[in-house]
K.L.:
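What follows is a structure written as structure tokens; I'll ask about it next.
Lettering follows sequence order; numbering is per chain, from 1.
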Protein chains: 2
Amino acid sequence: MHSPKRVLFLDLVLTLFRLNGLLIAEGDAMTKGLGLTHARWKVIGAIALSSAGLTVPGIARVLGQSRQAVQRITDVMVADGILVYTENPKHKRSALVTLSERGQETYTLLREVQDPWAIRNTEDIPTEELETTLRLVRRLIKKLN
Amino acid sequence: MHSPKRVLFLDLVLTLFRLNGLLIAEGDAMTKGLGLTHARWKVIGAIALSSAGLTVPGIARVLGQSRQAVQRITDVMVADGILVYTENPKHKRSALVTLSERGQETYTLLREVQDPWAIRNTEDIPTEELETTLRLVRRLIKKLN
DNA sequence: GCCATAAAGACAATATATTGACAATATCGC
DNA sequence: GCGATATTGTCAATATATTGTCTTTATGGC
């Protein structure tokens, strides 16, 4: 059982855990001035990146967490006036979660720190490598579903 | 600011969050019979994969979390007889965290489910792609440090 | 060796996430 | 349409993680 891919894979998994933690810490540091926590900017980011519109369980699937955890944070964010539950034409019970006007302003501010950060982090990385990685990550996700 | 790499990167970050969650869920399902939780098998995995030996803050760095969170779980695992704090020749105060005899047995059982899983998940993925991804992930980690 | 700076353990407060369970409602194959 | 199955919202208990703070000790440059 000395498959080199086995070790490579387990190493990758561990390294992904680490990157995950660092990304969250980085995001929190970056958004400190905006009154956001990672639980919040993750939700905002997921909504913003989705073209179709997302329900609470949909956000949970995209973020890889339990729908209950997402429900909790979206409820708070709706109460805070950042998000709005809007009617879902495709599902009578499960509302679409959208950005309120204030939420959009917050997202604009988020983009102002996030965009330069994203560009800074990728300027010396070939597009091709980013694509390969994204493809592989998606492939792994498909296996785990 | 229509850098395609920007969108690619943000998409990657979100996708990594998702994979992270799925990996944890998968690991928990896989280790259910061993009485392990993800907080525990992550620590065991980190120790096992490190050749040098790790301290509590060292494990925290590898896993990308706070040293306090790791301290908490290692304290519990030492109390449970899975881990042992052993003297650290390189640092007088910060003990090395090692597997007890029972911890090693647990690790053996862990390997028995983990190895087939790792092989199964990579059998149709070229080694080269795994290496590219691991390299890119490491590169991002370095930037975020 | 000395000293400024960094690292580590410890404790507490709080935030976030998982898990399990239940009722209500959608969805989809037929 | 109908009915089995899956999904969703909700509530509660618990586990896990972050953050802030303080004290104690290492570490590394001089």
Side-chain angles (χ1 to χ4, degrees), chain A residues 17-18 20-32 35-46 53-80 83 85-97 145, chain B residues 17-18 20-32 35-46 53-80 83 85-97 145:
Chain A
F17 287 148
R18 183 178 192 176
N20 185 71
L22 288 173
L23 285 171
I24 289 172
E26 181 85 352
D28 278 351
M30 210 162 57
T31 59
K32 202 157 209 173
L36 294 177
T37 63
H38 59 267
R40 291 176 175 232
W41 53 252
K42 274 181 177 180
V43 168
I44 294 179
L54 288 175
T55 63
V56 166
I59 295 171
R61 274 185 292 269
V62 170
L63 295 182
Q65 347 180 261
S66 68
R67 62 201 167 79
Q68 291 91 331
V70 173
Q71 184 80 249
R72 185 192 68 81
I73 202 72
T74 56
D75 282 351
V76 174
M77 290 172 81
V78 166
D80 283 357
L83 299 179
Y85 293 134
T86 63
E87 202 165 304
N88 184 355
K90 302 226 174 142
H91 197 296
K92 276 175 193 160
R93 261 179 100 213
S94 199
L96 289 176
V97 185
N145 266 337
Chain B
F17 287 148
R18 183 177 191 176
N20 184 71
L22 288 174
L23 285 171
I24 289 172
E26 182 84 351
D28 279 350
M30 209 161 59
T31 59
K32 203 159 210 169
L36 294 175
T37 62
H38 60 267
R40 292 176 174 233
W41 55 252
K42 274 182 177 181
V43 168
I44 294 179
L54 289 174
T55 63
V56 166
I59 296 171
R61 274 186 291 269
V62 170
L63 295 181
Q65 3 180 249
S66 68
R67 63 200 166 81
Q68 290 91 332
V70 174
Q71 184 79 250
R72 185 191 69 81
I73 202 71
T74 56
D75 283 350
V76 175
M77 290 172 81
V78 166
D80 283 358
L83 299 180
Y85 292 135
T86 64
E87 202 164 305
N88 185 354
K90 302 226 175 145
H91 198 293
K92 276 175 194 158
R93 262 179 98 210
S94 199
L96 289 178
V97 185
N145 267 337

K.L.:
Got a second to check how far A:Glu26's CD is from A:Asp28's CG, nearest 0.5 Å?
P.N.:
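One finds 10.0 Å between CD of A:Glu26 and CG of A:Asp28.
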
K.L.:
What's the CD1-C1' distance between B:Ile59 and C:dA7, to the nearest Å?
P.N.:
16 Å

K.L.:
Between atom CZ of B:Arg40 and atom OG1 of B:Thr74, what is the distance when rounded to the nearest 0.5 Å?
P.N.:
10.5 Å

K.L.:
In whole angstrom, give the distance that lies between atom CG of B:Leu96 and atom P of C:dA7.
P.N.:
18 Å

K.L.:
For the atom pair CH2 (A:Trp41) and CG (A:Leu36), what is the distance rounded to the nearest 0.5 Å?
P.N.:
9.5 Å

K.L.:
What distance separates A:Leu63 CG from A:Leu54 CG, expressed to the nearest 0.5 Å?
P.N.:
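Rounded to the nearest 0.5 Å, the CG-CG separation comes out at 8.5 Å.
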
K.L.:
Got A:Tyr85 and A:Leu96 here, is their nearest side-chain heavy-atom distance under 4.5 Å?
P.N.:
no

K.L.:
Calculate the interatomic distance between A:Lys90 atom NZ and C:dT27 atom P; express it in whole Å.
P.N.:
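For the pair A:Lys90 NZ and C:dT27 P, the rounded distance is 11 Å.
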
K.L.:
Once each nucleotide of nucleotides 9-19 of chain C is scored for protein heavy atoms under 4.0 Å, what B/S/- sequence comes out, 5' to 3'?
P.N.:
BBB----SSBB

